[in-house]
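One structure is given below, encoded as structure tokens.
Heavy atoms only: backbone and side chains are in, while hydrogens, waters and symmetry mates are out.
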Amino acid sequence: MTATPRPRTTTRDPEDLTRRLTAWLATRSRALDPSHGLPTPAEQGGPPAAGGTLLPAPRVTAVTVPASNGMSSETLLFDIDHPDPDSAEPSAAHPRGEAPTSCVLRLAGDPAAYTIFPRYDMPRQYRTMRLVADRTDLPVPRPFWLEEDPAHLGAPFFVMARVTGRVPPDVMPYTYEGNWLYDATDAERDRLEAASVAVLARLHDQVPVESAEFLALPGTGSPLRRHVDAQRAYYAWVVDGLPHSPLIERGFAWLADHWPADPGETVLTWGDARIGNIVYDGFAPAGILDWEMAALGPRELDLGWMVYLHRFFQDLTVGGGQRGLPDFLRRDRVEARYARLTGHEPRAMEFHTLYAALRHAIVMLRVAYRQIHFGEVPVPADPDGLIMHRDTLEAMLAGRYW
């Protein structure tokens, strides 16, 4: 893995993005509702909300593009310097003398960079974050602005508060030696695991499903059926005009043959439910990130994804000759912890972990085709060779993985 260059993810110029972001922020009035500190409709040019305070335009500083920018949406980090505290009355949201506000901007994927997904619905992500923030006790970063007009930065985006803390690394994966999670004690990793499973339990139990109907996927049948159908459509988009993956197509056939008799209760699922999308303060979650894959579906969608994404890194690590973290996020422990927290016994987990591996294979195939598009890797004779966890998926299909 150390010899593999990070795939190209954008054709955008960071300096140009910085200039355009600065110009955009200059048009934003800092109208805040002191009850929650979020921008009101005055952000769009109207009067401030009742009780709000209209402050001068903010100043943007310290714009950076993180080296570990996402494979899908893009991220900018920046600070907002608050106006001169003597120029406006202080409020609960902006007391005099407060430090600059650290922000994160999430920008829809660059259309010129062979995007990972066919569509980036930033309003849907923003609305999901607001819903979870309003209806749960989970630490979701506070959303500030949603901008749907692509004219400003070339695509829709939203801005949220930046959460301080540390994230288990993907490159090199946290299962390799030499990072804070690997170097933690067994007891510390156990605390992190328990708290991470509790994130799923709290999300699934606290959000009323009727408030999340906007996340229902199109189609007919159960939410699980719609979810799988959406993945089939995504796969068809990925391979349109390109070699198909026999392995992925066998995976869809396996799902059809092993469909759960009872798909289970429908909840709001996070979608990209993995520890690499959690910011930790010590070993406790301080920020829950990346909601672009949120959807309605059974609880096991998130449980299977959390278990499998750890196995993906663990298997890579073992394949590289290291021990990894074999006792961390084990499927049996994740299921038992979740059942104790919710009273729900996870069901059909072989189905859901294989489905997670299949979904990940489709994403990885798209990433590999993007690398081919940019000339970073050659076209292989066997498209299944582009799937890094091919052996895992093969073993799951053969019933010899667990």
Side-chain angles (χ1 to χ4, degrees), residues 21 24-25 28 31-33 35-41 43-44 66 69-78 80 93 101-109 116-117 119-150 153 155-165 167 195-196 198-217 267-281 284-297 301-302 305-306:
L21 172 61
W24 176 81
L25 276 166
R28 304 293 94 182
L32 298 176
D33 177 349
S35 68
H36 51 55
L38 296 172
T40 69
E43 295 288 340
Q44 306 304 321
N69 213 339
M71 296 293 293
S72 180
S73 299
E74 293 183 49
T75 300
L76 290 177
L77 308 179
F78 63 95
I80 294 177
T101 300
S102 294
C103 298
V104 177
L105 183 147
R106 293 286 283 173
L107 178 63
I116 295 299
F117 298 114
R119 183 168 178 259
Y120 290 83
D121 193 335
M122 307 311 278
R124 184 177 184 270
Q125 290 184 53
Y126 186 84
R127 186 177 177 186
T128 302
M129 292 179 62
R130 291 293 300 267
L131 173 63
V132 176
D134 289 345
R135 302 305 292 265
T136 77
D137 59 4
L138 294 174
V140 179
R142 189 174 69 174
F144 288 148
W145 292 288
L146 169 67
E147 180 56 75
E148 299 185 59
D149 185 351
L153 298 185
F157 61 90
F158 62 83
V159 178
M160 59 187 173
R162 195 188 317 174
V163 178
T164 58
V167 178
S196 303
V199 165
L200 301 187
R202 290 151 63 190
L203 174 67
H204 297 163
D205 280 352
Q206 292 178 14
V207 177
V209 70
E210 60 271 13
S211 67
E213 286 297 330
F214 67 95
L215 291 172
L217 295 171
V267 298
L268 188 162
T269 66
W270 176 9
D272 202 356
R274 63 189 188 94
I275 63 170
N277 283 332
I278 301 178
V279 180
Y280 293 91
D281 179 6
I288 316 299
L289 312 176
D290 286 357
W291 294 88
E292 67 185 334
M293 292 164 60
L296 296 187
L301 285 174
D302 278 344
W305 191 259
M306 180 171 280

Taking only distance into account, with no hydrogens and no angle test, what donor-acceptor pairs under 3.5 Å do side-chain atoms of residues 198-205 form with protein atoms, sequence neighbours excluded?
| residue | atom | partner | partner atom | Å |
| --- | --- | --- | --- | --- |
| R202 | NE | D137 | OD1 | 3.0 |
| R202 | NH2 | D137 | O | 3.1 |
| R202 | NH2 | D137 | OD1 | 3.2 |
| H204 | ND1 | L200 | O | 3.3 |
| H204 | ND1 | Y338 | OH | 2.7 |
| H204 | NE2 | D302 | OD2 | 2.8 |
| D205 | OD1 | R299 | NH1 | 3.1 |
| D205 | OD1 | R299 | NH2 | 3.0 |

With sequence neighbours excluded, residues passing side chain to side chain contact (heavy atoms under 4.5 Å, CB included) with L289:
P141, V279

Could you walk me through whether E213 and L296 pass side-chain contact (heavy atoms from CB on, under 4.5 Å), step by step?
CA-CA 8 Å; E213 286 297 330; L296 296 187; 4.0 Å; yes

Output all residues satisfying side-chain hydrogen bond (donor to acceptor under 3.5 Å, both in side chains) with S196, sequence neighbours left out; order by chain, then residue number.
Y280

Contact between T136 and L131 at the side-chain level, heavy atoms closer than 4.5 Å - yes or no?
no

How close do A286 and P139 get, heavy atom to heavy atom, and via which atoms?
O-CB, 3.4 Å

Between G276 and V167, which heavy-atom pair has the shortest distance, and what is it?
O-CG1, 3.2 Å

Please confirm whether the backbone N or O of L215 pairs with a side-chain atom of R127, one donor and one acceptor, at under 3.5 Å?
no

Starting at CG of N277, measure out to CG of D272 and round the result to the nearest 0.5 Å.
4.5 Å

Sorted by chain and number, sequence neighbours left out, side chain to side chain contact (heavy atoms under 4.5 Å, CB included) with A161 holds for R142, F144

Can you list everything that forms a side-chain hydrogen bond (donor to acceptor under 3.5 Å, both in side chains) with W24? Sequence neighbours excluded, please.
E147

So, using salt bridge (Lys or Arg N to Asp or Glu O under 4.0 Å) as the criterion, who are the partners of D281 when residues are at least two apart?
none

So do V267 and V209 actually touch side chain to side chain, heavy atoms under 4.5 Å?
no

Step-by-step side-chain contact (heavy atoms from CB on, under 4.5 Å) determination, M306 to R274:
CA-CA 5 Å; M306 180 171 280; R274 63 189 188 94; 5.7 Å; no

I need the L105 CG to M160 CE distance, nearest 0.5 Å.
9.0 Å

Looking at residues at least two apart in the chain, or sitting in another chain, which of them share a ring pair (Phe, Tyr, Trp, His ring centres under 6.0 Å) with W305?
none

What heavy-atom pair brings P156 and L107 nearest, and what distance separates the two atoms?
O-CD1, 3.7 Å

Would R106 count as a cation-pi partner of F157, with NZ or CZ less than 6.0 Å from the six-membered ring centre and within 45° of the ring normal?
no

I'd like to check C103 versus L77 (side-chain heavy atoms, cut-off strictly below 4.5 Å). Are they in contact?
no

If you compare all heavy atoms of T269 against all heavy atoms of G297, which two are closest, and at what distance to 0.1 Å?
CG2-O, 3.7 Å

Do V104 and L76 touch side chain to side chain, with heavy atoms closer than 4.5 Å?
no

Tell me every residue that passes side chain to side chain contact (heavy atoms under 4.5 Å, CB included) with P123, counting only those two or more places apart in sequence or in another chain.
D121, L146, E148

My understanding is that only one of R130, M122, M129 makes a side chain to side chain contact (heavy atoms under 4.5 Å, CB included) with Y126; could you say which?
R130

Taking the side chain as C-beta and beyond, is there a heavy-atom pair between T128 and W270 under 4.5 Å?
no

In short, S211 meets R135 closest at the heavy-atom pair CB-NH1, 4.1 Å

For a side-chain contact (heavy atoms from CB on, under 4.5 Å) check, start with the C-alpha distance between L25 and F78, then their side-chain angles and the critical distance, and finish with the verdict.
CA-CA 11 Å; L25 276 166; F78 63 95; 3.6 Å; yes

Considering residues at least two apart in sequence or located in another chain, which fulfil the side-chain hydrogen bond (donor to acceptor under 3.5 Å, both in side chains) criterion with S102?
D79

Do W291 and V132 pass the side-chain contact (heavy atoms from CB on, under 4.5 Å) test, and can you show the C-alpha distance, the side-chain angles, and the key distance before you say yes or no?
CA-CA 10 Å; W291 294 88; V132 176; 4.0 Å; yes

Answer yes or no: is there a side-chain heavy-atom contact under 4.5 Å between F117 and E292?
yes

Quick one: list whatever passes side chain to side chain contact (heavy atoms under 4.5 Å, CB included) with E210, sequence neighbours left out.
P208

